[in-house]
Engineer: 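Below is the structure I would like to discuss, written out as structure tokens.
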Amino acid sequence: MLDSKQLRTDTENVMRNLARRGFVLDLAAFRTLDDRRKQVQIGADRVRAERNANAKAVGMAKGKGENTTALLKRGEELTVQLADAEAALNAVQGESDAWLMGLPNLLHDSVPDGRDETDNLEIRRHGTPRSFDFTPQEHADLGTRLGLDFETAGRISGARFVVLRDGMARLHRALAQFMLDLHVSEHGYQEIYAPYIVSGDALTGTGQLPKFEQDLFALKGDRTLYLIPTAEVPVTNLVRDQITTPERLPLRYVAHTPCFRSEAGAAGKDTRGMIRQHQFDKVELVHIVKPSESYAALEQLTAHAEEVLKRLKLPYRVLALCAGDIGFGSAKTYDLEVWLPGQGRYREISSCSNCEAFQARRMQARWRNPETGKPEPLHTLNGSGVAVGRAMVAVLENYQNGDGSVTVPEVLRPYMGGLEKLLPTDKA
RNA sequence: GGAGAGGUGGCAGAGCGGUUUAAUGCACCGGUCUUGAAAACCGGCGUCCCUUUACGGGGACCGUGAGUUCGAAUCUCACCCUCUCCGCCA
């Protein structure tokens with residue numbers, strides 16, 4: 001959510017900024033709506049003030065034993081008037097709020113111009129793609145004899161699910177454990193175990209609702225709950241409705257959770273393999289910081305995610321997403337793309353965003369700024385550190401051998417009982 | 001699932017239909033005193049919205065939503081959450 005004061009006083013700049021995303025702010029509609037809201041609110045406040053004064057007068061008159069007939073009659077009139085005024089106010093306010101909730105975040109000045117993913121700006125590369133003396137396979141082909149079982153998953157759950165067996169299941173677990181340990185022991189994060197099912201309010205706080213409901217799995221029940229699409233939702237909401245003292249900042253959280261996405265808009269994309277699933281695991285990093293520190297935090301968070309790939313010795317590059325490709329709630333985003341030899345290209349494995357105050361305003365997450373003495377919105381950041389399923393894809397493709405086996409990356413061996421190689425088998 | 005208790009400002013905690021629409025304490029900020037600090041004393045101190053150049057003024061908020069009433073933190077109903085006991089259970 002944008003700052004409504006800024007929207008009113010600095011409308012031209014807000015409009016220009018949003019235009020960089022390709023978002024057209026209907027200035028005239030906003031002004032009309034805002035003026036009407038103001039007028040209706042002033043009217044309702046005035047009626048309510050009179051009603052309050054009248055009610056108080058009734059009390060005083062009764063105390064003195066005076067006749068109250070006229071006052072009571074006036075009170076009845078005012079109550080009717082107030083009901084009308086409040087209904088009008090609720091309608092306008094609702095319209096205004098809905099409109100405000102639908103606006104994306106403002107972009108940071110450093111975000112490059114552009115329309116779509118082809119305009120994203122490469123910032124740096126790390127590692128050199130390995131050269132093979134055989135044609136590297138894609139993970140889905142390579143994995144069939146290693147324990148990646150899409151067929152069985154299809155029978156149980158349908159498309160875009162996977163069953164992992166033996167070495168694959170263990171490798172998957174090892175990756176998550178390794179990442180978690182790195183962030184907790186070396187990067188100083190607090191480990192969080194959080195709910196995988198959340199309320200609509202939590203999702204509104206982080207920005208998935210109301211606009212992106214079609215991407216979520218909703219649960220049937222008396223009240224609507226949702227499966228989390230990312231740990232960002234429960235973990236960022238840890239500070240909702242709180243005023244955090246400055247001494248506690250910055251907060252750095254890490255959580256390993258499954259993520260559930262309906263991928264409603266991705267029909268036909270990446271239908272083969274583990275790249276795009278309805279259910280996948282992710283180790284998520286969240287920073288809650290003072291506004292003045294959020295851009296330093298973004299660099300730090302990104303570096304923490306990169307460290308995972310460095311230790312796994314996976315080649316990757318870092319992109320600054322362009323204005324047209326950046327997410328709804330983010331002011332600036334770096335994507336990490338890992339090299340996949342089977343596909344012969346870099347694929348997204350992490351996305352690190354500074355949401356500035358966008359989420360904090362929606363969820364009333366504040367800190368008391370000692371300079372002003374006032375509660376002010378915090379800045380929130382999140383990033384994958386990293387996606388477990390895609391990391392596994394990257395390990396399989398980069399560490400594959402000509403005989404169909406896969407070498408276990410050194411840093412993962414302690415998590416796999418010292419195992420050095422995953423061997424193919426014909427046993428299902 | 002059954003029975004009961006309860007959700008009030010950063011925290012604790014009173015108020016249970018009006019005539020101060022939130023007492024009081026702690027914490028916090030400023031001042032007096034002091035070499036300095038503490039204590040004591042004095043004053044200030046919630047969040048959000050609207051309005052005003054400013055001083056100021058108005059409104060909302062006592063878990064959430066609806067209702068009763070001229071008037072609701074206070075009464076009624078529903079829901080959410082917390083705690084205690086019982087049952088079930090990993």
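When reading the values below, keep in mind they use all heavy atoms of this one structure, side chains included, and skip hydrogens, waters and symmetry mates. Below, chains carry the letters A, B, ... as their sequence lines are ordered, and counting in each starts from 1.
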Engineer: Could you please name the partner base of U76(B), counting Watson-Crick and G-U wobble pairs only when both distances are under 3.5 Å?
Structural biologist: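 A66(B) - that is the nucleotide pairing with U76(B), both distances being under 3.5 Å.
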
Engineer: Look at the side-chain N and O atoms of T79(A) and state whether any lies under 4.0 Å from the OP1 or OP2 oxygen of G71(B).
Structural biologist: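 Yes, such a contact exists.
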
Engineer: When the C1' atoms of G57(B) and U68(B) are compared, how many Å lie between them, rounded to an integer?
Structural biologist: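 Looking at atom C1' only, U68(B) and G57(B) are 32 Å apart.
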
Engineer: Show every ring-ring contact (aromatic ring centres under 6.0 Å, His included) that has at least one partner inside residues 235-264 of chain A, sequence neighbours left out.
Structural biologist: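 Qualifying pairs, neighbours excluded: none.
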
Engineer: Which base, if any, makes a Watson-Crick or G-U wobble pair with A40(B), both distances under 3.5 Å?
Structural biologist: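 A40(B) is paired with U32(B).
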
Engineer: Might you list the N or O atoms of the protein lying below 3.5 Å from N or O atoms in nucleotides 13-18 of chain B, with each pair's distance?
Structural biologist:
from, atom 1, to, atom 2, distance (Å)
G18(B), O6, K62(A), NZ, 3.0
G18(B), N2, A55(A), O, 2.7

Engineer: Taking a pair as Watson-Crick or G-U wobble with both distances under 3.5 Å, which nucleotide is matched to C88(B)?
Structural biologist: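 Across all strands, not a single nucleotide pairs with C88(B).
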
Engineer: Is there any ring-ring contact (aromatic ring centres under 6.0 Å, His included) pair reaching into residues 53-86 of chain A, and which pairs are they, with sequence neighbours excluded?
Structural biologist: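 Listed by first then second residue: nothing to list.
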
Engineer: Taking the same atom, P, in G7(B) and in C11(B), what whole-Å distance lies between them?
Structural biologist: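 Result for the P pair: 15 Å, nearest Å.
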
Engineer: Can you tell me the pairing partner of U53(B) across any strand shown, Watson-Crick or G-U wobble, with both distances under 3.5 angstrom?
Structural biologist: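 Its partner: none found.
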
Engineer: Partner lookup for G71(B), please. Criteria are Watson-Crick or G-U wobble with both distances under 3.5 angstrom; report none if nothing qualifies.
Structural biologist: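 Pairing partner: none.
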
Engineer: The test is ring pair (Phe, Tyr, Trp, His ring centres under 6.0 Å); show your working for Y226(A) and F217(A) and say whether it passes.
Structural biologist: CA-CA 6 Å; Y226(A) 300 86; F217(A) 283 108; over 10 Å; no

Engineer: Could you pick out which residue, N90(A) or L72(A), lies toward the 5' side of RNA chain B when each is mapped onto its nearest nucleotide?
Structural biologist: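 Final value for this comparison: N90(A).
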
Engineer: Mind checking the P distance from A23(B) to G43(B)? Whole angstroms is fine.
Structural biologist: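 Pairwise P distance, A23(B) against G43(B), rounds to 15 Å.
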
Engineer: I need the full list of side-chain hydrogen bond (donor to acceptor under 3.5 Å, both in side chains) pairs touching residues 377-393 of chain A, with sequence neighbours left out, sorted by first then second residue.
Structural biologist: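 Those involving residues 377-393 of chain A are E232(A)-N382(A), S294(A)-H379(A), Q359(A)-T380(A).
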
Engineer: With sequence neighbours excluded, what pairs up with H287(A) under the ring pair (Phe, Tyr, Trp, His ring centres under 6.0 Å) test?
Structural biologist: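 By the ring pair (Phe, Tyr, Trp, His ring centres under 6.0 Å) rule, H287(A) matches Y189(A).
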
Engineer: What pairs of residues pass the salt bridge (Lys or Arg N to Asp or Glu O under 4.0 Å) test when at least one of them lies in residues 244-253 of chain A, not counting sequence neighbours?
Structural biologist: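 Listed by first then second residue: nothing to list.
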
Engineer: Give the rounded distance in Å between these two atoms: CG of L82(A) and C1' of U68(B).
Structural biologist: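 Computing the L82(A):CG to U68(B):C1' distance gives 16 Å.
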
Engineer: Mind calculating the distance between CG (N369(A)) and P (U47(B)) to the nearest angstrom?
Structural biologist: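 Rounded to the whole Å, the gap is 13 Å.
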
Engineer: Please list every donor-acceptor pair under 3.5 Å in which a side-chain atom of residues 191-205 of chain A meets a protein atom from a residue at least two apart or in another chain.
Structural biologist:
from, atom 1, to, atom 2, distance (Å)
S199(A), OG, D201(A), N, 3.4
S199(A), OG, A202(A), N, 3.3
T204(A), OG1, G200(A), O, 2.8

Engineer: Taking salt bridge (charged side-chain N to carboxylate O under 4.0 Å, His left out) as the test, write out the residues that go with E213(A), two or more places apart.
Structural biologist: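 E213(A) satisfies salt bridge (charged side-chain N to carboxylate O under 4.0 Å, His left out) with no other residue.
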
Engineer: Starting at CD of Q364(A) and ending at P of A60(B), how long is that distance when rounded to a whole Å?
Structural biologist: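 That distance rounds to 19 Å.
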
Engineer: Give a yes or no on whether a salt bridge exists between E50(A) and R46(A), defined as a side-chain N under 4.0 angstrom from a carboxylate O.
Structural biologist: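 No, no charged N to carboxylate O under 4.0 Å.
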
Engineer: Taking CZ from R240(A) and C1' from G63(B), how many angstroms apart are they, rounded to a whole number?
Structural biologist: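 After rounding, the gap between these two atoms is 14 Å.
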
Engineer: For nucleotides C55(B) and G71(B), find the distance between their C1' atoms and express it as a whole number of Å.
Structural biologist: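 It works out to 32 Å between them.
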
Engineer: Expressed in angstrom and rounded to an integer, what is the separation of E86(A) atom CD from A60(B) atom P?
Structural biologist: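 The distance from CD of E86(A) to P of A60(B) comes to 8 Å, rounded to the nearest Å.
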
Engineer: Whole angstroms only, please: what is the NZ-P distance between K73(A) and G71(B)?
Structural biologist: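 Taking atom P of G71(B) as the reference, NZ of K73(A) is at 15 Å.
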
Engineer: Could you let me know what A5(B) is paired to, Watson-Crick or G-U wobble, both distances under 3.5 Å, or none if it's on its own?
Structural biologist: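 Here A5(B) is engaged in a pair, and the nucleotide opposite it is U82(B).
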
Engineer: Hey, can you pull the residues of residues 34-47 of chain A with a non-hydrogen atom under 4.0 angstrom from RNA chain B?
Structural biologist: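 Correct list: R37(A), K38(A), Q41(A), I42(A), D45(A).
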
Engineer: Just jot down the side chain to side chain contact (heavy atoms under 4.5 Å, CB included) partners of N54(A), sequence neighbours excluded, or say none.
Structural biologist: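 N54(A) satisfies side chain to side chain contact (heavy atoms under 4.5 Å, CB included) with V58(A), L71(A), R74(A), L78(A) once adjacent residues are dropped.
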
Engineer: Given the C1' atoms of G13(B) and A73(B), what is the spacing between them in whole Å?
Structural biologist: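 After rounding to an integer number of Å, I get 14 Å for this pair.
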
Engineer: Which residues pass the side chain to side chain contact (heavy atoms under 4.5 Å, CB included) test with E376(A), not counting sequence neighbours?
Structural biologist: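 In terms of side chain to side chain contact (heavy atoms under 4.5 Å, CB included), with neighbours along the sequence ignored, E376(A) is linked to W367(A), N369(A), T372(A), K374(A).
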
Engineer: Are OP1 or OP2 of A60(B) and a side-chain N or O of N52(A) less than 4.0 angstrom apart?
Structural biologist: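 Affirmative; the distance criterion is met.
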
Engineer: Give me the residues of residues 195-210 of chain A where at least one heavy atom lies under 4.0 Å from an atom of RNA chain B, by number, or none.
Structural biologist: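 When residues 195-210 of chain A is checked for heavy atoms under 4.0 Å from RNA chain B, there are no hits whatsoever.
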
Engineer: Write down the distance separating the C1' atoms in C45(B) and G31(B), rounded off to the nearest Å.
Structural biologist: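 Result for the C1' pair: 15 Å, nearest Å.
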
Engineer: Taking a pair as Watson-Crick or G-U wobble with both distances under 3.5 Å, which nucleotide is matched to G46(B)?
Structural biologist: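 Its partner is C61(B) (Watson-Crick or G-U wobble, both distances under 3.5 Å).
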
Engineer: Can you check the D241(A) CG to C11(B) C1' distance for me, whole Å?
Structural biologist: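 Computing the D241(A):CG to C11(B):C1' distance gives 17 Å.
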
Engineer: In terms of the angle between their ring planes, are H278(A) and F161(A) parallel, tilted or perpendicular, with boundaries placed at 30° and 60°?
Structural biologist: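 Taking F161(A) first and then H278(A), their aromatic rings sit tilted (interplane angle of 30° to 60°).
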
Engineer: May I have the distance from Q242(A) (atom CD) to U47(B) (atom P), rounded to whole angstrom?
Structural biologist: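 The distance from CD of Q242(A) to P of U47(B) comes to 16 Å, rounded to the nearest Å.
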
Engineer: Quick check: does any side chain N or O of S96(A) sit under 3.5 Å from a backbone N or O of V92(A), one acting as donor and the other as acceptor?
Structural biologist: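 Not confirmed, S96(A) side chain does not pair with V92(A) backbone.
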
Engineer: If you pin E76(A) and I243(A) to their nearest nucleotides in RNA chain B, which one's is more 5'?
Structural biologist: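 The residue mapped nearer the 5' terminus is I243(A).
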
Engineer: Once you apply a heavy-atom cut-off of 4.0 Å, does R223(A) come out as touching a base, just sugar-phosphate, or nothing?
Structural biologist: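 Sugar-phosphate: the residue R223(A), judged by heavy atoms under 4.0 Å, touches backbone atoms but no base.
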
Engineer: Which value, in whole Å, describes the distance between the P atoms of nucleotides A12(B) and C89(B)?
Structural biologist: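 It works out to 37 Å between them.
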
Engineer: Apply the test side-chain contact (heavy atoms from CB on, under 4.5 Å) to residues L378(A) and R366(A): give CA-CA distance (whole Å), side-chain angles for both, the deciding distance (0.1 Å), then the verdict.
Structural biologist: CA-CA 5 Å; L378(A) 287 157; R366(A) 296 167 294 170; 5.6 Å; no

Engineer: When rounded to the nearest Å, what value does the distance between C1' atoms of A90(B) and A3(B) take?
Structural biologist: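 Going atom to atom, C1' in each nucleotide, I get 25 Å.
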
